[in-house]
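Quick notes on the structure that follows.
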Amino acid sequence: MNNYILKPMEEKNISDRQHFLSELNPAQKEAVLHGDGPMLVIAGAGSGKTKTLVYRVAHLVEQGVSPESILLLTFTRKSSEEMLRRAASILDERCRKIAGGTFHSFANIILRQYGAHLGYENQFTILDRADSEDLIGMIRKDMGCQKTDKSFPKKSTIGSVIGKALNTGRAIDDVLKEDYPQFEDFSQDIISISSTYNSHKQAIQVMDYDDLLVQLRRLLTQFPQIREQLQKRYQYILVDEYQDTNCIQADILKALVGERRNIMVVGDDSQSIYSFRGAHFKNIMLFPEIFPGTKIVKLEENYRSVQPILDLTNGIIEYAKEKYAKTLRAFREGGDKPMYVEMQNDHSQSRFVVQKIQEYVDQGIPLSEIAVLIRSGWHSNDLEVHLKSSGIAFVKYGGFKFMETSHVKDVLAFMRLIGNPRDAISWNRVLMLVDGLGPKAASDLVKAMSASMLPETAVHAFSKKAFFAEVQEIFNVVFQSSRQAPSVLLASALKVYKPLFEARYDDFSKRKSDLESLQVMIERYESLDVFLTDMSLDPPDISQANSTPQEQREQSMTLSTIHSAKGLEWKVVFLLSAVDGYLPSFQALEDQTQLEEERRLMYVALTRAKDHLFILKPRLEMNAAQYYRYPGMSLGAVSRFLSEGELLRHHADRWSLVEEVAQPKVSKLPAYLQNKTPSKSDVFYDSSRDSALTEDLFWGDDKRKYRF
């Protein structure tokens, strides 16, 4: 047997301090070399916050701090692993021994060690979202809530209410009032379900995702001896994205920090946009008060965007009511101003985006470096249709693709049946919407129609069933004349679908906008067949089917909600529908706190762009059907965050769209003119190419006009 000798790993010697710090700018260096005591690093967009954390970790280890006594808390496991990998590449493998991970993974480790104090064995099970909802569903059924009132919220909705109450520190009553007002009458029942749910979890030794944080806080606050042990174990605590922490996470950090108060948090108050997940903006604003003597360092050198883009974003955040004042400066020189473009409607907006994307691709910019950002998932409904018809590959983040949402699929099933009543798949989907009509009855109906010479009469075999009247209404819609205008057919389908829709989806008020988008889109169609063809998703080709998700991303542009785009960057960014009522959302207009978060959302969107930024403002009030119909609501004004202080006039170039006039085509002469010999100067052309029935023919120099 041959032996192979492994040499001891060589530790890097960073004796040359100047070399170690040469990669850092002065502000980053100040944060990295900070000694003991609390520190708040306000890291502006693109200012290298991750790099600062990585070098801080390496510096502490290089100074002799035990890696096991350093706790690095992040919001994703991937980011934690990447930071420790980078720290190890700067210093050595000791950096990989640091206690790093998400708040939830850290809580899981501690609760496995000390859970017995709370009545949990170290082998407790963690419920995922589906498991949690199933348990809530069992309790809901045992209590008989749905039997007393069929409008009682579904198990998924109840789970969301309970989770939101925990993460935001609000009572269930308050969550219902603000987010689910249609269920306020069921408040006491939901509170009872929540109480029973918690006791059941304890009894069967399980925790859900939220419990990990709640139980860790309980452990730290109710058991001083354990808190002291953990304070001694973790001498230095570092936290990334501190502006995204909730009240529970802030309490955990306060309890973990010992007498030396060695906590360093990194974040950007201007990018606090996750209040709907429970993030508490005040955590970062009040940090210096919670930890007196906090040293504040601001990272203001931006390595992402060109200065003209930063001039606009600096201006937007300058008007924030509460903030840490900072001014981002570009590391790179030059660059173009953002482009502000007004257009007639969202249809023109979509055409513009598609055309510009094609131009950038022709210039050599890959699709992966192009992104379209939206405030809400449904804002891109029209654009998605145009991207697909133009063959532009895209990946959507945040919400479902328009054509993949279940309620849109429901309506399109109605429309497909009008065009083809033999479509058994669509029949099954539509029939299953009816309350009381189960899979077997739906299958029997479909079979009866297939076997009948007159399918519309098959329903009479079920005349004694409770669902007969609703099914009869569906049949009346399906078997109407398909020769009517598509918009008329859709209107009749929606009339029948509306009560089924509201009974099926607890959040139907949020989904309505998608159905209204369909009404806007279908106005452009004269043929139902053409509409259905355009709405259908083409199956992927072989290369796409065989490609990995990473390869798909590299060959596609990004379509993303702003929330899902945070932390990312692209060479070219389009901000869709920068309209008051869209961004800021009309739902935030009467709440100053929400309105300020909408401002930060605008800031996050614009700071994703590296080189080219387009801000698009369609005149949405020009649409045939508006998405929202509230008294006094106009969707024609540009976002108020862009109109303050004439920011657009100072910091953006304004574009206007002009329709190119197509060159007239040469027409063939009608038979009764073919014997006339024209002169060399004579020209023949159509004056109207849009009409298939009537064309105007102009004859040469004397401009005589013939109609044929």
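- When the side-chain hydrogen bond (donor to acceptor under 3.5 Å, both in side chains) test is applied to Arg329, no partner is found at least two apart in sequence or on another chain.
- The shortest non-hydrogen separation linking Ala578 to Ile615 is CB-CG2, 3.7 Å.
- Legend: residues meeting salt bridge (Lys or Arg N to Asp or Glu O under 4.0 Å) with Arg277, ordered by chain and number and at least two apart, are absent.
- Ring-plane geometry between Phe352 and Phe614 is classed as perpendicular, the angle between the planes exceeding 60 degrees on a 0 to 90 degree scale with a lower cut at 30.
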Taking only distance into account, with no hydrogens and no angle test, what donor-acceptor pairs under 3.5 Å do side-chain atoms of residues 286-299 form with protein atoms, sequence neighbours excluded?
{"residue": "Thr294", "atom": "OG1", "partner": "Phe291", "partner atom": "O", "Å": "2.5"}
{"residue": "Lys295", "atom": "NZ", "partner": "Glu30", "partner atom": "OE2", "Å": "3.3"}
{"residue": "Lys298", "atom": "NZ", "partner": "Ala325", "partner atom": "O", "Å": "2.6"}

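- Judged purely by distance below 3.5 Å, without hydrogens or angles, the side chains of Tyr340 and Glu342 pair a donor atom with an acceptor atom.
- Here Arg304 pairs with Glu569 under the salt bridge (Lys or Arg N to Asp or Glu O under 4.0 Å) rule; sequence neighbours left out.
- Minimum interatomic distance between Ala250 and Tyr242 (heavy atoms only, all atoms of both residues): CB-OH, 4.2 Å.
- A salt bridge between Lys282 and Glu322 is present, with a side-chain N of the basic residue lying under 4.0 Å from a carboxylate O of the acidic one.
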Task: Criterion side-chain contact (heavy atoms from CB on, under 4.5 Å) on Val638 and Ser643, from CA distance to verdict - done: CA-CA 7 Å; Val638 68; Ser643 60; 4.1 Å; yes
- [ ] Begin from the C-alpha positions of Arg640 and Leu595 and carry the test side-chain contact (heavy atoms from CB on, under 4.5 Å) through to its verdict.
- [x] CA-CA 10 Å; Arg640 63 191 64 193; Leu595 195 59; 4.2 Å; yes
- [ ] Please step through side-chain contact (heavy atoms from CB on, under 4.5 Å) for the pair Thr102 and Leu73, ending with a clear verdict.
- [x] CA-CA 5 Å; Thr102 66; Leu73 293 173; over 6 Å; no
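- With sequence neighbours left out, Asp210 forms a salt bridge (Lys or Arg N to Asp or Glu O under 4.0 Å) with no residue at all.
- Taking Asp251 as the reference, Arg217, Lys254 meet the salt bridge (Lys or Arg N to Asp or Glu O under 4.0 Å) condition, with sequence neighbours excluded.
- Exactly one residue among Leu310, Thr327, Thr607 makes a side chain to side chain contact (heavy atoms under 4.5 Å, CB included) with Asn302. That residue is Leu310.
- Scanning for side-chain hydrogen bond (donor to acceptor under 3.5 Å, both in side chains) contacts around Ser577 gives Gln349, with sequence neighbours left out.
- If you run side chain to side chain contact (heavy atoms under 4.5 Å, CB included) between Ile370 and each of Ile392, Val573, Val572, only Val572 comes through.
- Applying the ring pair (Phe, Tyr, Trp, His ring centres under 6.0 Å) criterion to Tyr603, with sequence neighbours excluded, gives no partner residue.
- Side-chain contact of Gln307 with Asp311: a donor-acceptor pair under 3.5 Å is present, judged by distance alone.
- A salt bridge links Asp268 with Lys326: the closest approach of a Lys/Arg side-chain nitrogen to an acidic carboxylate oxygen falls below 4.0 angstrom.
- Legend: residues meeting ring pair (Phe, Tyr, Trp, His ring centres under 6.0 Å) with His563, ordered by chain and number and at least two apart, are Tyr274, Phe276.
- Scanning both residues, Ser639 and Pro584, for their nearest heavy atoms gives OG-CD, 3.6 Å.
- His104 meets the ring pair (Phe, Tyr, Trp, His ring centres under 6.0 Å) test with Tyr209; sequence neighbours excluded.
- The side-chain hydrogen bond (donor to acceptor under 3.5 Å, both in side chains) search around Thr52 returns none, not counting sequence neighbours.
- Residues Ser272 and Asp269 have side chains that never bring a donor and an acceptor to within less than 3.5 angstrom of each other.
- Side-chain contact check for Asn283 and Thr245: at least one donor-acceptor pair (N or O, by modelled atom type) lies under 3.5 Å.
- With respect to Glu81 and Lys78, no salt bridge is recorded, no charged nitrogen being found less than 4.0 Å from a carboxylate O.
- Closest approach of Leu24 and Lys51 over heavy atoms only: CD2-CE, 4.1 Å.
- Checking Glu241 against Gln243 by side-chain atom types alone, a donor-acceptor pair falls below 3.5 Å.
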TODO: List the steps and the verdict of side-chain contact (heavy atoms from CB on, under 4.5 Å) for Leu373 and Ser560.
DONE: CA-CA 5 Å; Leu373 303 184; Ser560 175; 4.1 Å; yes
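- In summary, the side chains of Ser348 and Gln344 do not present any donor paired with an acceptor at a separation below 3.5 Å, with no hydrogens or angles considered.
- Among residues two or more places apart in sequence or in another chain, the ring pair (Phe, Tyr, Trp, His ring centres under 6.0 Å) test is passed with Phe281 by none.
- Among all heavy-atom pairs drawn from Leu166 and Ile248, the shortest one is O-CD1, 3.4 Å.
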